[in-house]
Each structure stands twice: as C-alpha cells, then as structure tokens.
Trainee: 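A single structure is presented below for examination.
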Amino acid sequence: MARALKLAWRGLYTTSPNPRVGCVIAAAGEVVGEGFHRRAGEPHAEPLALSMAGERARGATAYVTLEPCCHHGRTPPCTDALIGAGVRRVVAAMEDPNPKVAGTGLEKLRAAGILVESGMMESLATELNPGFVKRMALGRPLVRCKLAMSLDGRTAMASGESKWITGEAARNDVHRLRARSGAVVTGINTVAADDPGMNVRLRAAQLPGVESEHYLRQPLRVVLDPSLAMSPRARMLSLPGETLILCSQANEHRRAALRAAGAQVETVNGDAHRLDLGAVLDLLADREINELLLESGPTLAGAALAAGLIDELVIYCAPHIMGDAARGLFRLPGVNQMRERIGLAITDLRRVGRDIRISACPDYSNES
C-alpha cells in the first residue's frame, strides 16, 4: 500500500478533476503489476496495473489507494476489470466519497467472491485528495490561500509595489501550488494593480511525476469582478488556458468585449462591490474544481478568512523588513479584541530557498 500511495502522488499535478490513485498487484510476496492514474480520460490505476501483471493477476491481491469505481464515467468501471482479471483479494486504503461509488464498488467485488478489506493507511490516502474528498462530501472545493510577506507581516509597500518580496525558489514553489490546483482565483483590484498571468510557468521536468509536456495543464484562472471592470487587454487573456470572470452586474457591452478577447463571463450573486463567496465556491464545484488557490490582496483574502472559507494558508515569509506603512496580509475590520482573533494550527514549516514557508489551517472556533 505504501508503494501504491507513492505511485498515486505522481499524479499530483495531472489528474484533476479526477482523484489521484495508485495500484499495486502482488502475488506470492512479489509485485507483479503497478500503475497510477495520470489524467482524466486516460486509464485508471487498476487497469494499468492489471495490464502489467497479465495472467499473474489471477489469484493475486490488488492494493489500491481508493475504492475501485463501479460506474461508467470517462472510462469503464475498475471493478469489472478486477473481477475479469480474477484477482483473489482487494485492499483499499479508503472508500470513495463520490456518491456514485461510496462503498458500492467494494460491495460489487464482494458479490463476485473477492475478499475485500478497507482502511489500510487511510489517513495518508486522504491526504492525497483533500479537495476531491471535500467536494464530494460538502459540495465545495478545498480553498488554499497563498500569501507572501516580509518578516514584519507586510505584503506590499504603501504604493502597492510588491515585486519581489520572496526569492526565486519560493516563486517556483508557488507555481507548483498552481499546478496542483484546478483553479487560481484573484480579485479585480489585483488584476488592475499587477496585471498577473496567474499561469504555471514551469516545465514538466520541474514538476515531480509529470512525465512529459503532454501532461502539463493550466489551472482555470478566475477573476472576481463584481462590476465587470476588467480590461479585454489583460495579460492573462493572451496566455494558454481558460479565464473565467465572475460578476454580479452584467454590462452587455463589456461582457461582449471580454468574450471576444477569449474570456468566459458568468454572473453570481453579489452587489457592485462584492460577490457572494459561497456562491463562487458552489459554481466552481459545479465545474469540478477540487483544489482552489486564492492569490489576492488583503481585502479578498480577509473576506474569505472572515467568512470561514479558507481551509489552508500557505505563507511565504521573506527575511526583510518593509515597515509599518506597508500593507498587511488581511483586511479584517471586524477583529478588534483578542477574543475575536483567528487561531492557526501550523501543519508544516520549512525553508524554501532563502524564505520560510508556513502551512497552517485556520481555527474558526475562537478558542485560541
């Protein structure tokens, strides 16, 4: 199972919107087949492992990091492939949270006379697909908020100047966060100030597990633009990949100009100044976004944090001081007393080049 999990991680940057899955076929104490899912529409881990095993799969044990699917999607059911190959036993790390599966895959295997076990290394399997699990369970993507700050917690000078707070190694690490995400989200103020590309600018060789440029993909770029103020000449619109602009007020002339420039434009609930962030997440879940990377200024980041919508913070801290006139991480006008602060559970702390990367999960219970 550990080998299957290691294989599954190789799909970290390529499988979206599908889950990352690995499979190992073992017989008589020997691995006879293995595989991992590479990209939606291509074979799942189980058929790849069975193909490698051939006749040696008969009577063998299949170790798979996620319950085998039992429905027709982009590919045939994996349960049928396992039954047809004559495996004797299937060990799944976890049940599939997808309501189309949710235990029925394992039951189908049992009904075919296959010995079935579930729960081996389950926590590690869940870590593989946090966004997929959340979307299937709660109907919304996992929200990961990326921020870069100086040692005194500043994200930009008072003038708005912010290039570059962190070093090249940290910026490349951000591209890896983008690459694993189904969507990168920002606000119109950031677009107006920085004209960002919001794309992945790494080659396949710089992304572990990505075997060739063929498997590279760009996340959906999403701009929250309540009054549809975005320029059709924005840099991101000339880059490979899709751009989605979400607004609350549909000016048909502006909508037509942006669509002519290659953008998609959709309307969600909100007013002229702010969109309903819950509605934004619901819309992106409908588009099968598992993991969302929020890269924005302090107003949008603060609104998402105040609404309890951020699941994980990834903060890059650079070894310099920018002064008290510079801009902060979050705009949180409602936090005035210690009891109103938002606590954090730090889950990872490491050096990335000259900078420090802090990963943390917000604690919205106000018990910190």
Side-chain angles (χ1 to χ4, degrees), residues 1-9 11 15-29 31-140 142 285-286 288 290:
M1 186 62 77
R3 173 61 181 167
L5 288 164
K6 187 174 182 179
L7 287 167
W9 277 107
T15 63
S16 181
N18 285 2
R20 300 137 186 157
V21 182
C23 179
V24 169
I25 310 292
V31 171
V32 297
E34 61 181 31
F36 69 97
H37 183 47
R38 288 171 172 82
R39 187 167 66 177
E42 295 192 4
H44 288 188
E46 297 94 324
L48 289 170
L50 291 170
S51 177
M52 180 178 174
E55 283 301 313
R56 292 179 295 177
R58 191 163 300 280
T61 296
Y63 295 88
V64 61
T65 60
L66 185 69
E67 174 184 2
C69 64
C70 56
H71 63 287
H72 282 272
R74 297 179 178 91
T75 58
C78 291
T79 49
D80 292 355
L82 291 163
I83 294 168
V87 300
R88 181 183 66 86
R89 177 170 167 253
V90 172
V91 180
M94 62 179 290
E95 289 191 5
D96 191 335
N98 186 341
K100 294 179 180 179
V101 186
T104 57
L106 298 180
E107 286 303 317
K108 187 173 182 179
L109 295 173
R110 288 191 182 98
I114 295 174
L115 299 175
V116 174
E117 299 175 36
S118 179
M120 179 182 287
M121 305 179 79
E122 183 173 3
S123 62
L124 293 177
T126 303
E127 289 177 13
L128 264 171
N129 296 294
F132 179 79
V133 171
K134 183 183 176 185
R135 180 166 68 88
M136 290 300 158
L138 302 178
R140 285 183 174 176
L142 178 134
D286 289 342
E288 297 187 299
N290 294 328

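Predicted model only: the values in this text are computed from it and were never measured. Only this structure's heavy atoms are used, side chains among them; waters, hydrogens and symmetry mates stay out.
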Trainee: Which heavy atom of V21 sits nearest to which heavy atom of T65, and what is that distance?
Mentor: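 Closest approach of V21 to T65, heavy atoms only: CA-OG1, 3.4 Å.
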
Trainee: Rounded to the nearest 0.5 Å, how far apart are CD of E67 and OG1 of T79?
Mentor: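 E67 CD to T79 OG1: 9.0 Å, rounded to 0.5 Å.
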
Trainee: Test of understanding: with side chain to side chain donor-acceptor pair (under 3.5 Å), list the residues that count as partners of E122, not counting sequence neighbours.
Mentor: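 E122 satisfies side chain to side chain donor-acceptor pair (under 3.5 Å) with no residue once adjacent residues are dropped.
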
Trainee: Please give me the minimum heavy-atom distance between A26 and A60, naming the atom from each residue.
Mentor: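 Taking A26 first and A60 second, the nearest heavy atoms are O-CB, 3.2 Å.
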
Trainee: Could you state the interatomic distance from CZ (R135) to CG (N129), rounded to the nearest 0.5 Å?
Mentor: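 Rounded to the nearest 0.5 Å, the CZ-CG separation comes out at 10.5 Å.
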
Trainee: On a heavy-atom basis, which atom in F132 and which in D96 lie closest, and how many Å separate them?
Mentor: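 In this case the closest contact between F132 and D96 is CE2-OD1, 3.5 Å.
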
Trainee: Is V64 close to E46 at the side-chain level, that is, under 4.5 Å between some pair of heavy atoms?
Mentor: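 They are in side-chain contact.
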
Trainee: Would you name the heavy atoms of C70 and K100 that are closest together and state the gap between them?
Mentor: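 The pair with the smallest heavy-atom distance is SG-O, 3.9 Å.
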
Trainee: Which heavy atom in V91 sits nearest to a heavy atom in T61, and how many Å separate them?
Mentor: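 So the minimum-distance heavy-atom pair works out to CG2-CG2, 4.0 Å.
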
Trainee: Do H37 side-chain atoms and P43 backbone N/O form a donor-acceptor pair below 3.5 Å?
Mentor: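 The answer is yes, because a donor-acceptor pair under 3.5 Å joins these two groups.
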
Trainee: Which of these passes side chain to side chain contact (heavy atoms under 4.5 Å, CB included) with L109: L82, V87, L115?
Mentor: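 Option passing the side chain to side chain contact (heavy atoms under 4.5 Å, CB included) with L109: L82.
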
Trainee: Say you draw a straight line from CD of E34 to CD1 of I25; how long is it, rounded to the nearest 0.5 Å?
Mentor: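 Going from the CD atom of E34 to the CD1 atom of I25 covers 10.0 Å.
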
Trainee: Taking the side chain as every heavy atom from C-beta outward, state whether R89 and Y63 have any pair of such atoms under 4.5 Å apart.
Mentor: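 Of all side-chain heavy-atom pairs linking Y63 with R89, at least one is under 4.5 Å.
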
Trainee: Hey, does L48 have a side-chain heavy atom less than 4.5 Å from the side chain of R38?
Mentor: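 R38 reaches L48 side chain to side chain.
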
Trainee: How close do H44 and N18 get, counting heavy atoms only, and between which atoms?
Mentor: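 Smallest heavy-atom distance, with atoms named: NE2-ND2, 4.2 Å.
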
Trainee: Can you check whether L106 reaches P68 side chain to side chain, under 4.5 Å on heavy atoms?
Mentor: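 Yes - at least one pair of side-chain heavy atoms lies under 4.5 Å apart.
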
Trainee: Residues in side chain to side chain donor-acceptor pair (under 3.5 Å) with E95, at least two apart?
Mentor: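 So E95 forms no side chain to side chain donor-acceptor pair (under 3.5 Å) with any residue.
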
